[in-house]
Structure formats: C-alpha cells, structure tokens
Amino acid sequence: MAILVDDGTRLLVQGITGREGAFHTGRMLESGTNVVAGVTPGKGGQDYEGVPVFDTVAGAVEATGANASVIFVPPPFAADAIFESLDSGMSTVCCITEGIPVHDMMRVADYIGTKDATLIGPNCPGVLSPGKANVSIMPRDIFSPGKVGVVSRSGTLTYQIVNELTQRGIGQSTAVGIGGDPIIGTNFIEILGKFEEDPETDCVVMIGEIGGNAEQLAADYVRSEMKTPVVAYIAGFTAPEGKTMGHAGAIVSGGESTAEAKSEALRSAGIRAATNPSEVAELVAEALGG
Amino acid sequence: MRESDLDLYEYQGKELLRGYDLETLPGIVAGTPEEAARAAETLGGTVAVKAQVLIGGRGKAGGIAVVHNAREAEEAAERILGMDIRGHTVRRVYVEGGAEIEKEYYLSITVDRAAKKPLILFSTEGGVDIEEVAETKPGAIVRTHVDPLLGLLPYQVREIVFAAGLSGDAAKGVGRTLNNLYKAFEGLDASLVEINPLVLTKDGRVLTLDSKVTVDDSSLYRHKDIAELHDVEAADPQEQRAQEVGLQYVKLDGNVGILGNGAGLVMSTLDVVAQAGGEPANFCDVGGGADAEKISTALDIVTSNEQVESVLFNIFGGITRGDEVARGLLSAIEKTGIELPIVVRLDGTNAEEGRRILAENTPENVHTEETMLDAARRAVELARDGGR
C-alpha cells in the first residue's frame, strides 16, 4: 500500500509548460504515473508529451477526472493555483514552488480547513510511492518498493537517506517531502498518522531540521499515538543562532529550535534519533529487526 | 531570493507604521553629531537619541540617551555613533521628541507557525523583555489568534482590551492601535510587528514609542519600496553578493568550504564535516537547477574566504541535474583558476552522466568520492594538510 498517491492517482500538472513543469512531467510519466492533464492559462488545446493542456483546472478536471495536482507555478501566482486546485475538488495537492509569501500561505492553510483535501508543501519535493505513483521532483532511480515510510522537511536530505536505505536493501512505501517553509499545508503529525494507519508501512523515518517546534510536537504524537517504530534525524547541529540556513523555516531562534533540543525531545519520546544520514539506515535496519 | 526576513531599522519601521495611522512622536534621523544637534533643536525640549541597529537590547548597551538640549544631543550622538552593539556598528541615530508617560504596554503580532495564523500578544507589562514577563507572569499576557481570511474582528479587539483590564482613553487608544497594527501587519506582509513600549501619555494619547518591523522577504516582489530599504552596509559583503545571485550563503569560522544543493543536505553536510573532526567555513546552498554561472559564483564566494583550505561539493540531484552540475563545476574551475583541493560527491538525477563528464576532464585538484561520509572525511583531511 501507499499513502496520499498510488496507482489510482489521476494527476494534473499546474504549470506544465514551464521549464521545471515540463522536465518533471516527463520524469513522472517515465515513472509510470498516470498524468492525465496539464494546466497553463492561455495554452489550452495544446498538448505536452501526449498530455492534454487546459486553460483552467476546473476544465481539466471535467474532461479528465483528475483527482490530484502538482504545482510548478511561480511564487506570485502559486497561492492562487492552490486555491484553484482546492476549489476543483482535488483530494491531494502538492505544491513544489519555493518562495510563496507567508501571508498567502496563512490564507491557504485557513481555507483548506473547509475542504476535504491534503496539501503537501509548498517548497517541497513532493510525494513518491515507488512502483505506484511519482508526484514529485525526486530522482526516482534511488527508490525501491518496500515498507519504510519517509517524511521530511528537506528534499535533498530525503534523497540522501532514501538512497542509503535502498543501498542497504530497505525499500520504501511512500516518501513525503512536507517542505521547508514556516507555514506548510501538512505537518509531520498528519503524515505520521497516515503511515500509522497504513498496514504496509512497518517503520517510519522522520527527517527534521532546526527552526520551529514541529519535531517536538511530532515526538509527543509518536509517544502517545504510534505503534510503528520511528527513526529520526535532525539536520543543523552546527547552525549558528539567528541565521536562516537556506529554508525560510530553518532558523535557530530560541532554545527549543536547535538540533540538540529536538533530538533530545525525540529520544525522550522513545524515538531512535540518528546523528547523520548513514546512521539512519542502520537504525531502521535495527528497528525492522534486521 | 531569500537570505532571511528583512529587518528594518526603527526609523524605517516607524515611517511605514505611520502610513497605517499609528501615532508616533516626531523624529529625525542623524548620521553625525552636528545633525543630531540640529535635530534636537528642531524638535525642541527633551529628546531621546537612539542608536539605529538591527539588534535588540540597545538601551542596556548604552545606545539610548535622554537629553535636554542641542549640545547634550550632540555629545550623546558623538558617543553613540560608531559604537559596537553586539557586533552591529551604529551608523545613524534617531532623534525623537519626548512625551510624559503614564503607563507602558507591550503589543505584537507574529506568524504562529504551529497554528498557521497571526498571533497577537498584548500585555500591560510593557517596556520590558516580553519573554521575561512570559516566564514570571504568564497571566499578564493576552494571546489571541486571528483568522487570516476574516481578519481581526471587532469583538476580538474588545476581548483583548477588557481581558487586560483597560478602560477609558487607554481602552479606546489601545483598541484603535490594535486595528491599525493588524492592518499594517497584513499590508506590509510582515512576519513581525512589535510595539514595546506602547505608551499611554499623561494627556491620554496612546502612541508607539519603540517598534520593530520585520518583513517576509518572499513578499518583496510586491513591496518594491520596502525592498529598497534593505541595508547593504549591515550584511557581510560575501553574504550580500551571494544574495544578489540567488545563493543561500552563511559565513562560519572553519576551514572547510561547503557547497551543496538543498538546505537540508547542506546543513547535514556541515554536521557530517564537524563529526569528521573538521570545521565548516560556511553554508552555501546553490539551490535547485543551478547552472554553470551560479556554481562559478558560489565557488568564488566560498574560496574568497582566506581561511578555506579545502572545498566539499555535495550534490544530490532532484530538480538539479548532475550533468549540468559537472559542466558548471568544470567551467567554474577553469574560469576562477582555483587551485584548492575540491572534493566532489555527485548523486541523483543525471548523476551518472555527471560523473562521466568529471572523469573525462578531471583537473588535478578535483577529487571524487562515492558517499557523503567519505567525501566529508576526505575534505577534512585535505584541509588539515593545508590546501593552499
């Protein structure tokens, strides 16, 4: 099984004719993902790699029955693209775009509460269920089907750790990049809950970083709600206070947002916390009894 | 591109807040003691001479003086200008008129990440460190979340004002200030607006005595006027240059230069280098889809730090493509003529093609490693041997 996206996913790509949208649509198609439509306002009627392009999401949904979308729209228009997706009844919306204003995202996060939909991102690498669906910019070659769920605030760090898992012969059920922004659609806890309910996920890897307190909240959740073992890794032990380390959300501002404090909170909740990516794969093998 | 949110100087923030009808005292910016004296004369009476720095705790550091005439203002400015306040040099002072204060309050609006909503904090214990108040008297702070789609509702304003026990002029003035400050928070795309203290004067006015405004820099495309306020003097010159070309760069103190793609991977690379016994010289994220030009600039910025003895280039391609990275790296090395040892680790999208390109053309100072751990160890070793 998988969470969020699987072989029933009928994917729509918003911004399909842009540089990144086009490149990754090609890769998602190569992964066997059922990409049914694309949207670029003003380019309706064209097609890209055999995928029909529409002017509006509603038009695309009506014609193709798309039920999930992935967004490659530039920051000034990205929040609007998310609203458009939500209003067209998408159940999963995945926003890759980086640099969406935080006030736009607060409105989006507020609105999504009125919809039966899951927003992954923004500023995220997407969601990939190996062998089933690739709704992401992740390099699919490093993945292998299996029973470890991965949830992460960082794209490249996800690749690093998935690669190490695969090299050890440990496959993945679904990898979810939730994004590195201060305001994101779906946080660790919601994804951990989905993995807990997934009968085919036997262990979860949670990849966090400095900034905020999302990892501590997740630790409390794991302690009280989860039976599935969790292995965690927090990046940013060497980050100085007050400096933004790449991600808008990655800034040490106060004691609780350091990598040490987070790793400590995780450990005290019974979570195995690694100090580097390679150790993650070792701890997963241990958790799986290997 | 973002390096971090845009902090504004007090005088800049106040100028913006005045645009939202927040009442402040009259003030004049001065860059020299003479200008400060003239400002004090223009304003008349008792004035405050306040250091303009992008860091808190000015008062404790001696960066604020209350003076009674032009001569005293000149002396105060003489002392404060050029002062170093926790690593920040004072280049300007703000000379501000005085007021007779009856009561001090604290008011701020921030983005609450966990709740995904604006959070208003109000306290009748103003003028002091709010974190201290939160610890010693948590009951003295009123906390209210705002629904960003509805905005601040009138009943919420009433709740805050009454929960704080205000009445009369204070209740009216604080209520009006709350409404205006929320409009400013929204209109400026701020990640923080803080008034501390917000004061009730003896004649019943409520005004902004000291304030802090931080603007979300992802929103600057729709605030061209605020983007221009960005203070280039305050930033490290290399950090400034990195920002101009869209690189995320933070200078650190070690001798291993670190470049990579993606904030998480670069942060992790720093950690692994530290675990291997080395010291990172910087954090440099070339971002997604980096081209040759960008890699060249990044390499130049990282190696322009004299302390750097070796460079670790760690790429795991997703949106970034390994072949482009390899070509970019080679052309960057050719262009910059850099001779320091460079350890390259390349994985992910089109990595095989990238490794093939590197294998065919590798200059002597470029070393490739298969894993992140090996690459980190190698870079630390090379730095220890003295790269230069």
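Just so it is clear, the model here is predicted, and its values are computed rather than measured. Quick note on labels: first sequence line is chain A, next is B, and so on, each numbered from 1.
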Salt bridge between Asp104(A) and Arg222(B), side-chain N to carboxylate O under 4.0 Å?
-> yes
Below 4.5 Å, heavy atoms only, C-beta onward: do Lys243(A) and Lys251(B) meet side chain to side chain?
-> no
In terms of heavy-atom contacts, does CZ of Phe83(A) have more than 12 from other residues, nucleotides or ligands at under 6.0 Å?
-> yes
In terms of heavy-atom contacts, does CD of Glu256(A) have more than 12 from other residues, nucleotides or ligands at under 6.0 Å?
-> yes
Short side-chain to backbone donor-acceptor contact, Asp285(B) and Gly246(A), under 3.5 Å = no
Separation of Glu370(B) CD from Gln167(A) CD (nearest 0.5 Å) = 8.5 Å
May I ask you to say whether Arg321(B) pairs ionically with Glu20(A), meaning some side-chain N is under 4.0 Å from a carboxylate O?
-> yes
In this structure, CG of Asn261(B) is separated from OG1 of Thr156(A) (nearest 0.5 Å) by 5.5 Å
At a heavy-atom separation under 4.5 Å, does Glu186(B) approach chain A through its side chain, its backbone, both, or neither?
-> both
Taking atom CZ of Arg143(B) as the centre, does the number of heavy atoms from other residues, nucleotides or ligands within less than 6.0 Å exceed 12?
-> no
Top residue by heavy-atom pair count (under 4.5 Å) with chain A, among Gly262(B), Ala115(B), Gly264(B), Pro118(B)?
-> Gly264(B)
Heavy-atom contact with chain B under 4.5 Å, split by part of Arg140(A) | neither
Nearest heavy-atom approach of Ser218(B) to Gly99(A) is CB-O, 3.5 Å
Would you mind checking which part of Gln160(A) comes under 4.5 Å of any heavy atom in chain B, side chain (CB onward), backbone (N, CA, C, O), both or neither?
-> both
Is the backbone N or O of Ala190(B) less than 3.5 Å from a side-chain atom of His103(A), with the two atoms forming a donor-acceptor pair by type?
-> yes
In sequence, state the C-alpha distance, the side-chain angles, and the governing distance for Leu149(B) and Tyr111(A), and then conclude on side-chain contact (heavy atoms from CB on, under 4.5 Å).
-> CA-CA 8 Å; Leu149(B) 290 173; Tyr111(A) 188 63; 3.9 Å; yes
Separation between NE2 (His24(A)) and OG1 (Thr349(B)), nearest 0.5 Å, reads 7.0 Å
Does any heavy atom of chain A fall under 4.5 Å from the side chain of Leu252(B), the backbone, both, or neither of them?
-> side chain
Contacts of residues 373-380 of chain B with chain A (heavy atom under 4.5 Å) = Leu373(B)
Given Ala250(A), Ala259(A), Gly208(A), Gly211(A), the one with more heavy-atom pairs under 4.5 angstrom with chain B than any other is Gly211(A)
Taken to the nearest 0.5 Å, the spacing of Met105(A) CE from Asp216(B) CG works out to 11.5 Å
Separation of Asp347(B) CG from Asp141(A) CG (nearest 0.5 Å) = 10.5 Å
Qualifying residue for side chain to side chain contact (heavy atoms under 4.5 Å, CB included) with Phe316(B), from Ile142(A), Ile161(A), Leu157(A) = Ile142(A)
Atom pair NE2 (His247(A)) and CD (Gln248(B)), whose distance is rounded to the nearest 0.5 Å = 8.5 Å
Determine all donor-acceptor pairs shorter than 3.5 Å in which one atom belongs to a side chain in residues 267-277 of chain B; sequence neighbours excluded.
unit_1, atom_1, unit_2, atom_2, d
Ser268(B), OG, Tyr233(A), OH, 2.8
Thr269(B), OG1, Leu265(B), O, 2.6
Thr269(B), OG1, Asn314(B), ND2, 3.0
Asp271(B), OD1, Phe237(A), N, 2.9
Asp271(B), OD1, Thr238(A), N, 3.0
Asp271(B), OD1, Thr238(A), OG1, 2.8
Asp271(B), OD2, Gly236(A), N, 2.8
Asp271(B), OD2, Phe237(A), N, 3.0
Gln275(B), OE1, Asn276(A), ND2, 3.2
Gln275(B), NE2, Thr275(A), O, 2.8

Taking everything shown except Glu352(B) itself, do over 12 heavy atoms lie less than 6.0 Å from its CD?
-> no
Please report the closest heavy-atom contact between Met106(A) and Pro148(B), naming both atoms and the distance.
-> O-CG, 3.4 Å
If you tally heavy-atom pairs under 4.5 Å between each of Asn163(A), Ile207(A), Ile210(A), Ile96(A) and chain B, the highest tally belongs to Asn163(A)
At a heavy-atom separation under 4.5 Å, does Pro76(A) approach chain B through its side chain, its backbone, both, or neither?
-> both
Lys116(B) side chain to Gly185(A) backbone, donor-acceptor under 3.5 Å | yes
Which of the residues Ala214(A), Ala239(A), Ser154(A), Pro182(A) is involved in the greatest number of heavy-atom pairs with chain B at under 4.5 angstrom?
-> Pro182(A)
What pair of heavy atoms forms the shortest contact from Pro139(A) to Gly317(B), and how long is it?
-> CG-O, 3.1 Å
Applying a strict 4.5 Å limit to non-hydrogen atoms, the region of Asn350(B) in contact with chain A is side chain
